[in-house]
Number of protein chains: 2
Amino acid sequence: MSSTLDDVARLAGVSPATVSRALRGLPRVSEVTRARVVQVADELGYVISPSGSRLASGRTHTVGVVVPYVNRWFFGQVITGVESVLRAAGFDLLLYNLGGDAGRDRFFAEMPLRRRVDAVMVLSLPIGDAEAEAFRALRVPIGLVGSAVEGFAGVRIDDVAGATAAMRHLTHLGHREIALISGGADVPMHFTPPIDRRGAYLDVLDSVGVEYTPDLEAAGDFTMAGGEQAMGELLGRSRRPTAVFAQSDEMAFGAMRTIRRAGLRVPEDISVVGFDDHDMADLLDLTTVRQPVVEQGATAATMLLDWLASGEPPAEPAKVLPTRLIVRGSSAPLAGDPETSRHHAPRPEA
Amino acid sequence: MSSTLDDVARLAGVSPATVSRALRGLPRVSEVTRARVVQVADELGYVISPSGSRLASGRTHTVGVVVPYVNRWFFGQVITGVESVLRAAGFDLLLYNLGGDAGRDRFFAEMPLRRRVDAVMVLSLPIGDAEAEAFRALRVPIGLVGSAVEGFAGVRIDDVAGATAAMRHLTHLGHREIALISGGADVPMHFTPPIDRRGAYLDVLDSVGVEYTPDLEAAGDFTMAGGEQAMGELLGRSRRPTAVFAQSDEMAFGAMRTIRRAGLRVPEDISVVGFDDHDMADLLDLTTVRQPVVEQGATAATMLLDWLASGEPPAEPAKVLPTRLIVRGSSAPLAGDPETSRHHAPRPEA
DNA sequence: GAAAGATGTGCAAGCGCTTGCACACGCCAA
DNA sequence: TTGGCGTGTGCAAGCGCTTGCACATCTTTC
């Protein structure tokens, strides 16, 4: 049906070997021969057969991309970055969507990437020792977005700096009763972003002499619904916060909604700060920490391709990209009017 | 390094042919032999080499998924549906993100799927004759989401019914000055959703005796920013609408923002209705037309796999899934108070 | 002017599977 | 008994590439 390398060879009057070399731009082919081969290939509409090439060379020119949820904003953005780099380099992108714990377990049980990719890109997945081992067993370069593991290439942001900026912003505005909506409680220790962001929360609180209390923390699972619910819990407790720092914008969106449903105002009654700079953050006027999401994907993919090309793991295996606080309307100075904002939540210190 | 089919054959004391048959569950292998082969394969941790298998069989067990923008909510949802079906059937998913016109052109110029997929799934892409021809040239089953083309399998929603419901809702509320935020103006004729939705807009207007005017239409490119801008145009014109029907939720979000920035209220001054039931629609209290997005992907993928398995194109090649109007707070009866809602926009008829 | 490289090309042996065909049985019907 | 059939297995020829090696020409270099 479609022509093969042999067809091209015959018509060009050279051996298949030469065609292979000519078409791939390898050296040791004279320019005149190469031109002839290319022309014949064009005329025949020849397209290399990946199966044949893969079998012979052992290289798939494919990168597996493992993502927790394709349908979440963050991952869509990262994939966009990854895809553009891979595509430009002529690599195929094999997508694996875990979609929750069941899918995740199945993935690690079967490791469906075996024998089908040259490298793997893992997006924002908590990687424990077992998972790291499973990936290492593939014996291909592994790239990570959002975490760092010994022996893998990783790109992430400075979560501590980002969260610190968010928290400082709130303390500068006078807030002391600051709640935290964190990620899932079940997230393994190895996933640093939630831990780092929480650590920054604690540190900044400490730096202004406020003691941490579990009453001001709730888990939101990094989803809007989770944020909504977490905020509900927070409002149901004895101490009402004057500000909330959510570890992601989606959770912040949910929180804002709960706040408003409770008849309170943002930011007058409660300031809200998120993390990500989600597309909708601007629309919802959410103060947040912007992180370069597409770039993280693109950078990680580039590192991975370099590794693949050179055979050497990157010299600097853990790149850290900067974040930036974006101040919008969801955060405001601690209200001057005690009747409104501190009614149910007397601050311990001045 | 990793063991091959021959290794398994040797250890099991059978021929490679038998191993191949046994492992793939083909008939004409005795149960006892099959059991032995499977056991040996397990012990060796044997994993079939896709390259070898593909080359020999001519089948890739891979489906190409072509998507305009992975990072848009709608496509993330559809991919989720597609992925789960493909994964369950043991198919690989090769992702192609077009990401705008340049990418789109490059895609059709190169047709990078040639020789690497058994079937293709095209998500919400305007398909003209040239594009259809390009896909047909691949000589593999093609599945479409959001459109219908002769000879392809397609899953879509009843855009006319959905948009009609949205528009009726507004007319029942008493609105007559209803603006339309449509998709891009440059979208080819062959992409029916925008056309159908617009058609319904015109029909419902007509049914209540209102004449169409271009003054009440603006293009929003199916993005939030586009909706924002389109609404700006609409507000800048002579006739101010009392309601807006946006062809997508994201455009509706943008429109709501522009409305509020202009110092007007939703729904008191302007009702807004969207289309999709985006994750955020509930949060933003947007009245909209819900469409089953994940299901469209899953259904289309299922049709495609059936086609692949049977060799026969589906008997019913164009499935239509239902929509449902979800009424929320962004739409309200035409205000009883003329001072508020009709100030700048006197209605022509009662 | 001969030896040593550099350069361009071809040979042929794979890479790891699949599958049409042949074959060896055991079984049943005539 | 014999022919025919169903069943289980093996043979071997690919599938369409890549690549180490050999070889034939040209250039250099001294």
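Values below: all heavy atoms of this structure, side chains included; hydrogens, waters and symmetry mates excluded. Order of the sequence lines sets the chain letters (A, B, ...), proteins ahead of strands, with each chain counted from 1.
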End axis versus end axis in the helix from dG1(C)-dC30(D) to dA30(C)-dT1(D), the angle rounded to 10°, five pairs used at each terminus: 30°

Residue that, paired with V120(B), satisfies side-chain contact (heavy atoms from CB on, under 4.5 Å) out of L144(B), L304(B), I142(B): I142(B)

Pairs meeting criterion salt bridge (charged side-chain N to carboxylate O under 4.0 Å, His left out) with involvement of residues 29-39 of chain B, two or more places apart: E31(B)-R34(B)

Chi angles and distances behind the side-chain contact (heavy atoms from CB on, under 4.5 Å) call for L98(B), L125(B): CA-CA 10 Å; L98(B) 302 184; L125(B) 204 65; 3.6 Å; yes

Point-to-point distance, once rounded to the nearest 0.5 Å, from CG of L44(A) to CD of Q39(A): 10.5 Å

Heavy-atom closest pair, residues [X] and [Y]:
X       : Y       : value
Y46(B)  : S3(B)   : CD1-O, 3.3 Å
L308(A) : P141(A) : CD1-CG, 3.5 Å
L321(A) : Q296(A) : CD2-CG, 3.7 Å

Please name all residues satisfying ring-ring contact (aromatic ring centres under 6.0 Å, His included) with [X], sequence neighbours left out, ordered by chain then number.
X       : result
W73(A)  : H278(A)
F91(A)  : H61(A)
F135(A) : F108(A)

E131(B) and R104(B) ion-paired at < 4.0 Å: yes

For residues 12-21 of chain B, please give each side-chain donor-acceptor pair under 3.5 Å, one per line with the distance, not counting sequence neighbours.
residue : atom : partner : partner atom : Å
S15(B)  : OG   : A17(B)  : N            : 3.4
S15(B)  : OG   : T18(B)  : N            : 3.2
S15(B)  : OG   : T18(B)  : OG1          : 3.2
S20(B)  : OG   : R24(B)  : NE           : 3.4
S20(B)  : OG   : R24(B)  : NH2          : 3.1

Sub-4.5 Å side-chain heavy-atom contact between L113(A) and V140(A): no

Nucleotides bounding contact with chain A, strand DNA chain C, heavy-atom threshold 4.0 Å: dT7(C) to dG16(C)

Results of salt bridge (charged side-chain N to carboxylate O under 4.0 Å, His left out) for D6(A) - residues two or more places apart only: none

All N/O pairs under 3.5 Å across the protein-nucleotides 23-27 of chain D interface:
none

For DNA chain D, the residues among residues 22-43 of chain B that have a non-hydrogen atom under 4.0 Å from it: R28(B), V29(B), S30(B), T33(B)

Any residue of residues 50-62 of chain A with a heavy atom less than 4.0 Å from an atom of DNA chain D: G52(A), S53(A), L55(A), A56(A), S57(A), R59(A)

With D92(A) via side chain to side chain contact (heavy atoms under 4.5 Å, CB included) - residues at least two apart: R54(A), T62(A), R87(A), L94(B), Y96(B), R116(B)

